[in-house]
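Taking it in order: structure first as structure tokens, then the write-up.
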Amino acid sequence: MHLYIHVPFCIRRCSYCDFSIAVRKRVPAQAYVDAVLKELGSLDAGPMPGNASTIYLGGGTPSLLPPDALQVLVRSAWAATAATEPEVTLEANPEDVTLDHARAWRAAGINRVSLGAQSFDDTVLKWMHRSHDGAQTQRAVQALRDAGIENVSLDLIFALPDELHRNWERDLETAAALRTPHISLYGLTVEPRTPLDRWISRGATHAPNEDRYAEEYLAAHRRLTAEGFEFYEVSNAARPGFRSRHNSAYWSGKPYVGLGPAAHSFDGKTRRWNLRAWEAYRRAIAEGRSVIESEETLTDEQHELEALYLGLRTVEGVPVAARYRPLPPLLAHGWVHEQGGRLKCTPEGWLRLDSIVNSYDRTTV
Ligand code: SF4
């Protein structure tokens, strides 16, 4: 069992972000913790999580919660799910990481931190509306290490508009020099109604360039592999022993329970999701109503397609079965290959994951 807790608060909205967040100068920590603990308590009547092997605090910006609030959340989740030594991840923004906070997080049971670094270029960070600078990320990694949290991941965004003149190689070099054991990559996408979408509509900036996307992705793959990382999933690279157990569970179709606004849960067949907005979620909890906004049950065909898509995202790929015969053009282009009875994407194939899965969809499923 895997438990996700969504913390929706951010101090401002980043230029590319369309996540379900509540922008707050002051985080209503007590009200939030009370609401989530009530939801956790209500699981007794529903799909009780069982033995949690991972707990993930994502957002939003979970590191905006005071350490004592995080401690209550982690300890309660731990107790309710009979967890023994779970992987406990906190998503954190670099400006929230001080040595005192890092020590308090460690004492609360947090043993993995995913840092929203994005870039080390201050001009780029400003353009993204991030509230940290590159030096703060470097200090944050050191503070986490000093507090005993070695398992740190850096998030980096690539494929930025040409006019920013972002030096991707230099950012990769800086990230590698920090020697964190995990790096996650995100290609910039333009989501509707974000500041970035509006800038592009009025011609103030250009949409991300597809060639740059492919070049920078492949450059990261080469560079990080040479540094000793393994790309164990299309967007995630880890040094040996440092794969994210929580995210790996999503990719292998394991059940999970989500708490908090907009959180999703999955029992292996049915996916449910909570009310998106913090205020709507808080009111529903206060009035004793269900916080589930909706649900969908996967058909066998949807289940199979999802397993194919998720499996091909990973370095393990999918078993070569009659329904998973690779199409000759995919092999000829070098986008997929067969190895040990499994079908796996190459880095070039990962760039074309959607069209690879769609080609199976049309011809074999
Ligand atoms: S910190 Fe993360 S969740 Fe918050 S606005 Fe920025 S990208 Fe979105």
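Remember, it's 1-based here, ligands and their atoms both numbered in the order they're listed.
Annotation for ligand 1: atoms under 4.0 Å from non-hydrogen atoms of Tyr16 are 7 (S). The Arg130 neighbourhood of ligand 1 comprises atoms 1 (S), 6 (Fe), 7 (S), with distances under 4.0 Å to a heavy atom of that residue. Close approach of ligand 1 to Ile21 (heavy-atom distance below 4.0 Å) involves ligand atoms 3 (S), 5 (S). Interface atoms of ligand 1 facing Phe19, defined by a heavy-atom separation under 4.0 Å, are 3 (S). Atoms of ligand 1 found under 4.0 Å from any heavy atom of Asn93 (numbered from 1 in listed order, with element): 1 (S). Close approach of ligand 1 to Thr61 (heavy-atom distance below 4.0 Å) involves ligand atoms 1 (S), 4 (Fe).
At a 4.0 Å heavy-atom cut-off, ligand 1 touches Cys14 through backbone and side chain alike.
Comment: Asp300 engages Lys269 in a salt bridge, judged by a side-chain N to carboxylate O separation of less than 4.0 angstrom. Ion pairing between Glu191 and Arg13 fails under the 4.0 Å rule for side-chain N and carboxylate O.
Within the coordination shell of atom 8 (Fe) of ligand 1, defined by N, O or S atoms under 2.8 Å, Cys10 is absent.
Note that Arg24 lies outside the cation-pi zone of Phe9, set by a 6.0 Å cut-off to the ring centre and a 45° limit from the axis.
Nearest protein neighbour of atom 3 (S) of ligand 1, counting heavy atoms only, is Gly60 N, 3.3 Å. The protein atom (non-hydrogen) at minimum distance from atom 8 (Fe) of ligand 1 is Cys17 SG, 2.3 Å.
At least one side-chain heavy atom of Trp273 sits less than 4.5 Å from a side-chain heavy atom of Ser294.
Ring geometry, Trp168 versus Phe158: the interplanar angle falls from 30° to 60°, so the pair is classed tilted.
The shortest separation from a heavy atom of Glu91 to ligand 1 is not under 4.0 Å, leaving the residue out of contact. Within the structure, the closest approach of Arg12 to ligand 1 falls below 4.0 Å when heavy atoms are considered. Residue Gly116 places no heavy atom under 4.0 Å from ligand 1.
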*Given the rule in the side-chain hydrogen bond (donor to acceptor under 3.5 Å, both in side chains) test, do His246 and Thr89 qualify, once you have shown the distances and angles that lead to the verdict?*
CA-CA 8 Å; His246 186 85; Thr89 302; over 6 Å; no
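The neighbour count for Glu210 CD, taken as heavy atoms of other residues, nucleotides or ligands under 6.0 Å away, does not exceed 12.
Ring centers of His129 and Trp199: under 6.0 Å apart, within the cut-off. In summary, the aromatic rings of Tyr256 and Tyr250 are positioned with their centroids under 6.0 Å apart.
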